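Quick notes on the structure that follows.
Protein chains get the first letters and strands the later ones, always in sequence-line order, with residue 1 at the start of each. All values derive from a computational prediction rather than experimental measurement.
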Amino acid sequence: MAGYDIESLRHSTAHVMAHAVKNLFPDAQVAIGPSIEDGFYYDFGVSAPFTPDDLEKISAEMQRVIKAGKPFVRKEISREEALALFADEPFKVELIEDLPSDEIISIYEEGDFIDLCRGPHIDNAGQIKAFRLLKSSGAYWRGDERNAMLQRIYGTAFSTQQELDDYLKMIEEAEKRDHRKLGRELDLFSLQEEAGPGLVFWHPKGAFVRTVIEDHWRSEHLNNGYDLVMTPHIARQDLWRTSGHLDFFNENMYQPMMVDETPYLIKPMNCPFHLLIYKSRVRSYRELPIRWAELGTVYRYERSGVLHGLLRVRGFTQDDAHIMCSREQLDSETKRVLEFVLSMLRRFGFSDYEVFLSTRPEQSVGDDDVWEQATDALRSALDAQGLSYQVDEGGGAFYGPKIDVKIKDAIGRVWQCSTIQVDFNEPERFDLTYVGQDNAHHRPIMIHRALLGSMERFMGVLIEHYAGAFPLWLAPVQAVVIPIADRHSEYAGKVADDLRASGFRTEVDDRNEKTGYKIREAQLQKIPYMLVVGDREQEAGAVAVRSRSEGDLGAISVADLIEQFKKELTE
RNA sequence: GCCCACGUGGCGCAGGGGUAGCGCACCUCUUUGGUAAAGAGGAGGUCAUGGGUCCGAAUCCCAUCGUGGGCUCCA
C-alpha cells in the first residue's frame, strides 16, 4: 500500500501537469490546481486556449517529468520571499496577498517547478503510475464571471492502470444511459431547434410514461390530504409586482405581452396563483392546513449555456404544492411533507440522494424567532427520518429556510429535485389571513414544496436511473406478442386483446421478420416481456415468456401470465 | 452570458475547393422462420442558416442559430 492518499496523488499530478505546461508554454501563468471528486484540474492564464493536440503534447511532457521522478520538496518561506519568488505570477501574488497574516506560507518544489501550495504531496513524481488528461475548458478566475477567463485542464489519476481503465470504462458505460441518447433511441422525447432551445416535445411513449407518473402523483396526493387546483399560464404584470417576483426573479422571466394595453407575464412560478385562490374568500383556522397541489407548467429564462437535455430547460412542469398553515402546525406539516418526499422517491427506486438544509442568508425578511422555529422544524423533520444531511449556512431563500434533496444522474452529477421551502414573505405580500379561534386575523405560514421537482428533470434522471429499462408499471409498452409465422398472427392478436382487457399495454409484432429479429428489437426497446407464440403455444392456449432481464422463462397460460403481471405490479 | 469543440439523408458516421458516400432504419419483393439482426431490389440528403473569398465551396473566411463539455448562474 502506498503511503499517500488518492487526493495527494491527484494533486501532485496536477503539479506535474502545470510543470509540463510551463515547459511547453513558458508564458503560461499558473493559477490554482486542486484535486476534485474524480480527478484534478489546473487553471492557467494563457494567450490562446489549449487544443486537443496541446493536451497530447502536455501529456507526453508529463511522462517525461514523471520519468525524471524528482521529489516533491516542501519549504516554508516568508510572505516577502513568496511575493518575490512569484513576482511573475500575478495569480499567485493575488493568492499570497489574500492569505491571513498568520498563515504559514509553504511551497513545493518538484524539479525546477515551484508552486505555492499547502500540500500534502506524494514523495516524488515517479510515483504517478496512471493518469489521463480528459478535457480543457474555460473557467473564470476565482469562479467570478467578472474576472478574466482562464483555461482549465481536467485530468484524473489513479494508483494503478487497472483502476484508471476501470474508471474510463465506467464513464463510457454511463454515457450509454445518458437520457438524451435513450430519449431518442426509445422515442420518448425530443427538443426541436425549430421550436427553440430548452422546450421539450414528449413523443407518445414518453408522454405515456409521464402520464403514468402523473396519475400516480395525483392519487398519492389525494391520499395524503391534498386538494388539486389548476391555474392559468399568464397573469397581469402587477400580480408579479405584488408577489415580489418582478424584483427578485426578473432575470428569469420573459418579457411581457400586451393584452388590451395591459402587460401580462407568463408564469415562472405557481405560488401567486395559489395565493389568489386562498384570498378568494375569508379563511378560518378550521380549514388549516390547506394543501393545494398542481402540476403547474412554468417558463423561465435560462442562460443559453446552462441548458441540458431534460435536466435544465426553459419550460417545465413543476409538481408543485403550497401548504398554508399556522405557526403551530409548521412542525407537523414539515414532517409530513418530508415523509411524502421520501415515499415518493422510494416508489421510483431512489435511495441514493444528497440532502441539504439551507439556513438564513444575510439578506432576508422575517423575525428571528420565526426563522428559528422554521429551521428547527425542518431540522427535526430530517432527524425524525434519520436522514444525514449537510447544512448550507446562509443558503436559504430570503423568505425562509429550506430542505433540498438532490439525485444523481448517470455520471454522478447531482440534480436538485425535491425541495421544501418555508415562506414568511409571500403571505405577507398578499396579506393572507385566517380568522383564529380568538376571532382575530392571523397570518398563515406557507410551505412551497415539490416532490419530484419538475416532470422534465425527474424523468431525465429517472431514464438514467433505470437506463431506459422502466419497471413494469412505468413501461410504455409492457409486453409484445411475437408470432413465429403468419399463421400465428390471429392467435397473437387474441393474446394481446386478453392482456389489454386486463389493462396491460401490449403490442403485437407481426411484421414479416424472423423471431430472433423481433426479440432483438424488443430487447433494444427495453420492453419488459416478450411473448412468443407458435404452434405449441397456440395449441395449449399459452405463451412462451421471455423476460427482458432474465431471458426465456418457458411457456405459461395467458390467465396465469395475467396473474403474474398483476402480482408484479403490486411489488 | 463566457471559453473551446462540433453541426453531412430519421439515427450513427466517412469525405474535405471541381457539383456527396457507408452502415442501420425506411419502402418493395422473395422467404413463414422458434428466443439479440434471412436474402434481393429501391427510395431518400446539396452537406444548420445567411453572407463572403474563388472560374468553382459541403470543403476556406465571417456572422447567426443549434448541440456538446466546462465556467458562471440556478429565489
Could you list all N or O pairs between the protein and nucleotides 23-29 of chain B that sit under 3.5 Å apart?
unit_1	atom_1	unit_2	atom_2	d
B/A25	OP1	A/Tyr517	OH	3.1

List every contact pair, protein side and nucleotides 2-4 of chain B side both N or O, where the distance is under 3.5 Å.
unit_1	atom_1	unit_2	atom_2	d
B/C2	O4'	A/Tyr140	OH	3.2
B/C3	O2'	A/Gln151	NE2	3.1
B/C3	O2	A/Gly138	N	3.3

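- Stem list for RNA chain B (at least 3 consecutive Watson-Crick or G-U pairs, distances under 3.5 Å): B:1-7 with B:65-71, B:10-13 with B:21-24, B:26-30 with B:38-42, B:48-52 with B:60-64.
- A/Ala522 comes within 4.0 angstrom of nothing in the nucleic acid, heavy atoms only.
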Return the polar atom pairs (N/O with N/O) between nucleotides 8-14 of chain B and the protein under 3.5 Å, or none.
unit_1	atom_1	unit_2	atom_2	d
B/G12	OP1	A/Arg184	NH1	3.4

Under 3.5 Å, which donor-acceptor pairs link side chains of residues 183-197 of chain A to any protein atom two or more places apart or in another chain?
unit_1	atom_1	unit_2	atom_2	d
A/Glu185	OE2	A/Lys181	NZ	3.1
A/Ser190	OG	A/Gln192	NE2	2.9
A/Ser190	OG	A/His203	NE2	3.4

Under 3.5 Å, N/O pairs linking protein and nucleotides 58-61 of chain B:
none

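- In terms of the side-chain hydrogen bond (donor to acceptor under 3.5 Å, both in side chains) criterion, residue partners of A/Thr419 (sequence neighbours excluded) are, by chain and number, A/Asp404, A/Gln421.
- With sequence neighbours left out, A/Glu173 forms a salt bridge (charged side-chain N to carboxylate O under 4.0 Å, His left out) with A/Lys176.
- Every salt bridge (charged side-chain N to carboxylate O under 4.0 Å, His left out) that A/Arg152 has, sequence neighbours left out, goes to A/Asp43.
- Annotation: salt bridge (Lys or Arg N to Asp or Glu O under 4.0 Å) contacts involving residues 449-463 of chain A, sequence neighbours excluded, comprise A/Arg210-A/Glu456.
- Sorted by first and then second residue, the ring pair (Phe, Tyr, Trp, His ring centres under 6.0 Å) pairs with a member in residues 43-62 of chain A read A/Phe25-A/Phe50, A/Tyr42-A/Phe44, A/Phe44-A/Phe50; sequence neighbours excluded.
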Fill in the blank from the handout: B/S/- along nucleotides 39-51 of chain B (protein heavy atoms under 4.0 Å) is -------------

